[in-house]
Amino acid sequence: MANRRESLPFLHLVPNLVTIIGLCAGLTAIRYSFDARFAVATGLIVFAALIDGLDGLIARRLRATSEIGAQLDSLSDFVCFGVAPAIILFRFGMTQDPGFGWIFALVYTICCCLRLARFNVMRATPDAPRHFVGVPAPAGAGLALMPIFATFAGIADLYDIPLLVALWLGLVGVLMISRIPTPSAKGLQVPRDKAAYVLVGAALLVGLMLSRFWLLMFVLGLAYLVVVLWQAVRHRRF
């Protein structure tokens, strides 16, 4: 009797397909940065960040979690939130001083790699905390792109200030490898009587995303930065 090839349900591939979509978005963002289309490139990174949590959520709901899926997600995060933002910021505001700017682009990318490596190790431990240690990679990418958010929102034109952009990129890298406890969506709880307000707030965010996208991204990044700094002061960690 001939051996039948093992089959895999298509639904078990859905989480990995979502991860691949995010990876394609990050790679395409790099391509658009070479064409100086920074709005498209930055938007693709935001899109990759939005769907980053979907692959894990879908995998858990479909009971399709796997070690290869976890490793694929980590590698995708490194490209989308480590390599791509560094290249986009370098092309956006650091080409006037490429030697100095590239140093901080490397610092940010290496910090993101270290952050993901630490996350993978902590995830494997049975008593892993319900909060992040250091700024997670998607949030770090959002913070790194704040100079672009500020420029497109009309708050400040940082295109011609390569020193500031480079130093900011390095600072975000340091926040990623820090020991600051940062909030995780898994640890957040909403009181039942406040659920309606959360839904209304989500509708408000969607409206702002469609009408004032760059301003919303800058405000969200600034609010998250305040939370991180407050946590650093509260727990006296860095």
Side-chain angles (χ1 to χ4, degrees), residues 18-53 55 71-120 134-153 155-178 213-214 217-218 220-222 224-225:
V18 174
T19 302
I20 293 298
I21 291 173
L23 178 58
C24 290
L27 292 171
T28 306
I30 296 175
R31 179 248 174 172
Y32 277 110
S33 71
F34 290 139
D35 296 335
R37 299 177 65 179
F38 300 111
V40 178
T42 305
L44 286 171
I45 298 300
V46 174
F47 171 75
L50 289 175
I51 69 172
D52 175 65
D55 49 7
Q71 297 302 322
L72 179 63
D73 180 66
S74 182
L75 292 172
S76 176
D77 286 353
F78 177 62
V79 174
C80 295
F81 310 127
V83 178
I87 294 177
I88 294 172
L89 264 295
F90 178 79
R91 297 283 300 169
F92 171 78
M94 294 186 283
T95 54
Q96 297 180 11
D97 191 356
F100 182 79
W102 188 245
I103 293 174
F104 285 91
L106 291 176
V107 169
Y108 171 83
T109 305
I110 297 302
C111 287
C112 182
C113 183
L114 295 173
R115 170 66 182 80
L116 289 169
R118 183 173 66 189
F119 174 75
N120 290 342
V135 173
L143 290 178
L145 293 172
M146 282 186 66
I148 298 181
F149 297 154
T151 300
F152 288 154
I155 298 174
D157 188 0
L158 301 177
Y159 183 81
D160 296 324
I161 313 178
L163 176 62
L164 183 59
V165 175
L167 293 176
W168 173 253
L169 194 59
L171 174 62
V172 174
V174 172
L175 290 176
M176 294 174 73
I177 62 173
S178 69
F213 177 76
W214 301 115
M217 291 296 101
F218 180 81
L220 289 178
L222 187 61
Y224 183 79
L225 181 62

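Note that these values count all heavy atoms, side chains included, but never hydrogens, waters or copies made by symmetry. Throughout, numbering of the chain's residues begins at 1 and tracks the sequence.
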For this session: Tell me whether the centres of the aromatic rings in F104 and Y108 are closer together than 6.0 Å.
Result: no
For this session: With side-chain contact (heavy atoms from CB on, under 4.5 Å) as the test, would you mind laying out the steps for V172 and V135 before giving the verdict?
Result: CA-CA 8 Å; V172 174; V135 173; 5.8 Å; no
Problem set entry | Considering all heavy atoms, the nearest G22-S76 contact | C-OG, 4.2 Å
Problem set entry | Any donor-acceptor N/O pair, T151 side chain to L158 backbone, under 3.5 Å | yes
For this session: Could you pull out the closest heavy-atom pair between A105 and T109, with the gap in Å?
Result: O-OG1, 2.9 Å
Problem set entry | Closest non-hydrogen atom pair between F38 and S33, with its separation | CE2-O, 3.8 Å
Problem set entry | Nearest non-hydrogen partners of C80 and I45, listed with the distance | O-CD1, 3.3 Å
Problem set entry | Pairwise side-chain contact, I20 with L72, heavy-atom cut-off 4.5 Å (strictly under) | yes
Problem set entry | Exercise: identify the closest heavy-atom pair between A25 and F47 | CB-CD2, 3.9 Å
Seminar exercise, completed: Rounding to 0.5 Å, atoms CD1 (I87) and CZ (R91) come to a distance of 9.5 Å
Problem set entry | Atom pair CZ/CG of F149 and L222 - distance to nearest 0.5 Å | 12.5 Å
For this session: Would you mind reporting whether T42 and F92 have side-chain heavy atoms less than 4.5 Å apart?
Result: no
For this session: Dump the intermediate steps for side-chain contact (heavy atoms from CB on, under 4.5 Å) on V107 and V174, then the final yes or no.
Result: CA-CA 9 Å; V107 169; V174 172; 5.7 Å; no
For this session: Look only at the side chain of S74 and the backbone of Q71, and say whether a donor-acceptor pair between them is shorter than 3.5 Å.
Result: no
For this session: Measure across R115 and I177 and return the closest heavy-atom pair with its distance rounded to 0.1 Å.
Result: N-CG2, 4.4 Å
Exercise. What's the spacing between M94 CE and I161 CD1 if we round to 0.5 Å?
Worked result: 13.5 Å
Exercise. Out of curiosity, L89 CG to T95 OG1, how far, rounded to the nearest 0.5 Å?
Worked result: 11.5 Å
Seminar exercise, completed: d(L220 CG, M146 CE) to nearest 0.5 Å is 9.5 Å
Exercise. So do L225 and L175 actually touch side chain to side chain, heavy atoms under 4.5 Å?
Worked result: yes
Exercise. For the side chain of W214 and the backbone of I148, is there at least one donor-acceptor N/O pair under 3.5 Å apart?
Worked result: no
Exercise. Say you draw a straight line from CZ of R31 to SG of C24; how long is it, rounded to the nearest 0.5 Å?
Worked result: 13.5 Å
